[in-house]
Trainee: 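Here's a structure for you.
Values below: all heavy atoms of this structure, side chains included; hydrogens, waters and symmetry mates excluded. Chain letters run A, B, ... following the sequence lines, proteins first, then strands; residues in each count from 1.
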Amino acid sequence: MSLNRDQENIIKNINGPILVIAGAGSGKTRVITYRIAHMIKEIGIDPSKILALTFTKKAAREMKERISKMISIDELEKITLGTFHSTFSRILRKESHWLGYNPNYTIYDQQDSENVIKKILKDINVDINKTPREIIREISECKNNLYSKSLIKKKKSDSFAKIYEIYTKRCFQSNALDFDDILLYTNHLFLNFPNILKKYQEKFQYILIDEYQDTNFAQNVIIKNLSSKNKNVFVVGDDAQSIYAFRGANIKNILNFHVDYSEAKIFRLEQNYRSTNHIVQASNNIISFNKNQITKKIWTKNENGEIIKIYSALSDKDEAEYIANYIFSVIKKNKSFQYKNIAILYRTNKQSYIIEYYLKKKNIPYKIYGSISFFKRKEIRHLLYYFRVIINPNDEESILYITNKIIKNKNTVKQLIKLSNKKNIYDVIKKIDNYEIFTKKTKEKLKKNFLEIEKFRIKSKILDAYTIAKHIVYFLLELEKNYHYTDFQYILRNIFYYTEEQKKLKKSEDNSLSGFVQYLYVEKDIDEFNNENYEDKVSLMTVHLSKGLEFSIVFITGLEENLFPSRSSISYQYKIEEERRLFYVALTRAQKIAILTYTKYRFLWGKKTKNIPSRFINELHKKFIHIENEKVKHISTLLENKKFLPENSGVIKKGIIVFHKNFGIGTVIKLENFNKIAIVNFMKVGKKRILLQLNKLIIYRK
DNA sequence: ATTCCTTCACGCGAG
DNA sequence: GTGAAGGAAT
């Protein structure tokens, strides 16, 4: 397939700032990859001058793969291509001394950060009514928006500012950065050291950014600084697919692009090449419910295709079984059809379990994406903590975790934490004999462990990542009798691949354990280990992870109020809009067939919950959908040929049709108690008394 | 000092 | 359902 005129035009405009607003399936990645190839092949731009940034590891890998088909490996290796975090983490490792950090710094994940906050809350007496998780979130918000100290005090509170300050200090002591620090410190670096900024401005003369709608303020500032000299910034985005607001993504970056870059040229890509006309129209229909959007008309020359199927399942088991049966018969009917063209999407990772069970039952090969469960496994965590402390002896979280496993006594650990508030924990353990508070036995254990780690540290300087990792695994198996070698096989195999790959690329400096850990945390998508992507398997993943991908058949599961849209989004209009964009992303993954499922009952949090269908199902116009097994009248039947009023634009009166977030669609039968209570007959749940002061009823039709 | 047991809170997404 | 936390029992 060649490029269309619009795409061609975009590729040939090399200099100056460019914003491309690209709808789903309009060949966005194609434009970026062709452009990079064009820059190198036709214009003769030095690939080492090119910086290409993506948001997720998966997108980075995808882009790399696609470019590799157009240019030589040598040229590809010279391009700086990766996620924001990986790219700037690399830069920070090179330049860390400017900030007083060591290059072997640890990256704290959310769990680590939370533990640090917990310790702080115990250590100091602050008046703050927030959970560690909430605090971490707010710290993240401050960092992503580059709030100054005084602004933090103003926007949050004095006690919060104090916690923030101690948190920063502790991370510094541990020679650790959290993910947000990677952006924050890159900004510090560029702001406070003009020579460093200049160096990178000269290196990265051409900057390309995918999924620009997902960038946050801190990222935007980095890019503005980096590009201020050459002004060659090329960004591609779709506001309708902005789904990372929770980590600071800001659509304003797209809306204000022409303000940030005054000579910006703006292009639009609105032709969809991916999906059937039905799916394109249905997606347009869905997204039109969002008030906050750049209006665009996505269109396609593709055939109408099949109508969207909706399956109303009785339970999560029924839902999973339906999906498994459907896949089974599709493959059976059409022998040439492949598993890898099918995706099952869900809102939350935990929904995957039951689906897996039924796929296994039907012998359907599948692959689950999303590394969360892998990193949460305690033996893997334990191993990674050893890796980390060997690389960075100041990594307090690792030391405490490991110590916790060796010293089971909580009081002892508490004492250690107390000491760590004042002194570097590593030095405390090193000189443990000086501390009277511990018993002889405890001291012996601590000393022994300390020496083991020291030994590994020396070894790690000469051995490659795989060899040292094997040593540590054997050590761990000795230490914890309930661990099994098979628990570690997967990660060991991947360390082996990593080591081999580095040798092949002759990057022996990255061949170390430290190289691998960096790689694991910010570079490599753990899902892509083992080169399994060439295998013919059904893909299971969250909607978030599916962005940028496409499949012939897409199942969107769990379309229930409180799940998709998620429970915490329901009471906020702007959060609902983000959920709707998420649904839009899910729907636009489908090339040929989209199947939406929801359940009446689902096991969640150990309890059986009763659900009503997602509002997104109701929003789809009747002409796009076919409800497989539901007799209930669809809202679009009610609305046919009638004017649609999406907002609460009137008074609740007898006879009008309303929408309630929990009960769905219903008709107002009468009003009581001076119009404070409405008796509504809901289609799904029957008559209910609704207290109007507490419950919002959205008027669908007068 | 250590293990065992009950209770309680929590619950989304990614790097 | 899970993991953390704290109390009870050994």
Trainee: Between Thr542(A) and dA14(B), does any side-chain N or O lie under 4.0 Å from OP1 or OP2?
Mentor: yes
Trainee: Measure the distance from CG on Asn404(A) to C1' on dT2(B) and round it to the nearest whole Å.
Mentor: 13 Å
Trainee: Arg567(A) CZ to dA9(B) P: how many Å, rounded?
Mentor: 14 Å
Trainee: Could you tell me the separation between the OH atom of Tyr185(A) and the P atom of dG15(B), rounded to a whole number of Å?
Mentor: 22 Å
Trainee: What is the distance, rounded to the nearest whole Å, between atom CD of Glu579(A) and atom P of dC12(B)?
Mentor: 12 Å
Trainee: Whether the side chain of Asp180(A) and the base of dG15(B) hold a donor-acceptor pair under 3.5 Å is what I'd like checked.
Mentor: yes
Trainee: Quick one: closest heavy-atom pair of Phe217(A) and Asn144(A), and the distance?
Mentor: CB-O, 3.4 Å
Trainee: Indicate the atoms forming the closest heavy-atom contact of Ala594(A) with Leu587(A), along with that distance.
Mentor: CB-CD1, 3.9 Å
Trainee: What's the NZ-P distance between Lys405(A) and dG3(C), to the nearest Å?
Mentor: 11 Å
Trainee: If you measure only the distance, is there a donor-acceptor pair under 3.5 Å linking the side chains of Ser174(A) and Asp395(A)?
Mentor: no
Trainee: From OH of Tyr244(A) over to P of dG15(B), roughly how many Å is that when rounded to an integer?
Mentor: 6 Å
Trainee: What contact category does Ser568(A) fall into here, base, sugar-phosphate, or nothing, at under 4.0 angstrom with non-hydrogen atoms?
Mentor: base
Trainee: For Phe55(A), which contact category applies under a 4.0 Å heavy-atom criterion: base, sugar-phosphate, or nothing?
Mentor: sugar-phosphate
Trainee: Looking at the side chain of Phe246(A), which of dC12(B), dG15(B), dA14(B) is the nearest nucleotide?
Mentor: dA14(B)
Trainee: Could you work out which one of dG15(B), dG11(B), dA14(B) sits closest to the side chain of Lys350(A)?
Mentor: dG11(B)
Trainee: Report the distance from atom CD of Gln351(A) to atom C1' of dG1(C), rounded to the nearest whole Å.
Mentor: 15 Å
Trainee: Holding to ring-ring contact (aromatic ring centres under 6.0 Å, His included), I want the full list of residues that pass it with Tyr101(A), two or more places apart in sequence or in another chain.
Mentor: Phe172(A), Tyr185(A)
Trainee: Return the value, rounded to whole Å, for the distance between atom CG of Asn349(A) and atom P of dT2(C).
Mentor: 15 Å
Trainee: Where each residue is assigned the nucleotide of DNA chain B containing its nearest heavy atom, which of Glu578(A) and Lys445(A) is assigned the position nearer the 5′ end?
Mentor: Lys445(A)
Trainee: Glu480(A): which residues meet the salt bridge (charged side-chain N to carboxylate O under 4.0 Å, His left out) condition with it, sequence neighbours left out?
Mentor: none
Trainee: For Lys118(A), answer base if it contacts any base atom (sugar-phosphate contacts may also be present), sugar-phosphate if it contacts only those atoms, and nothing otherwise; contact means non-hydrogen atoms under 4.0 Å.
Mentor: sugar-phosphate
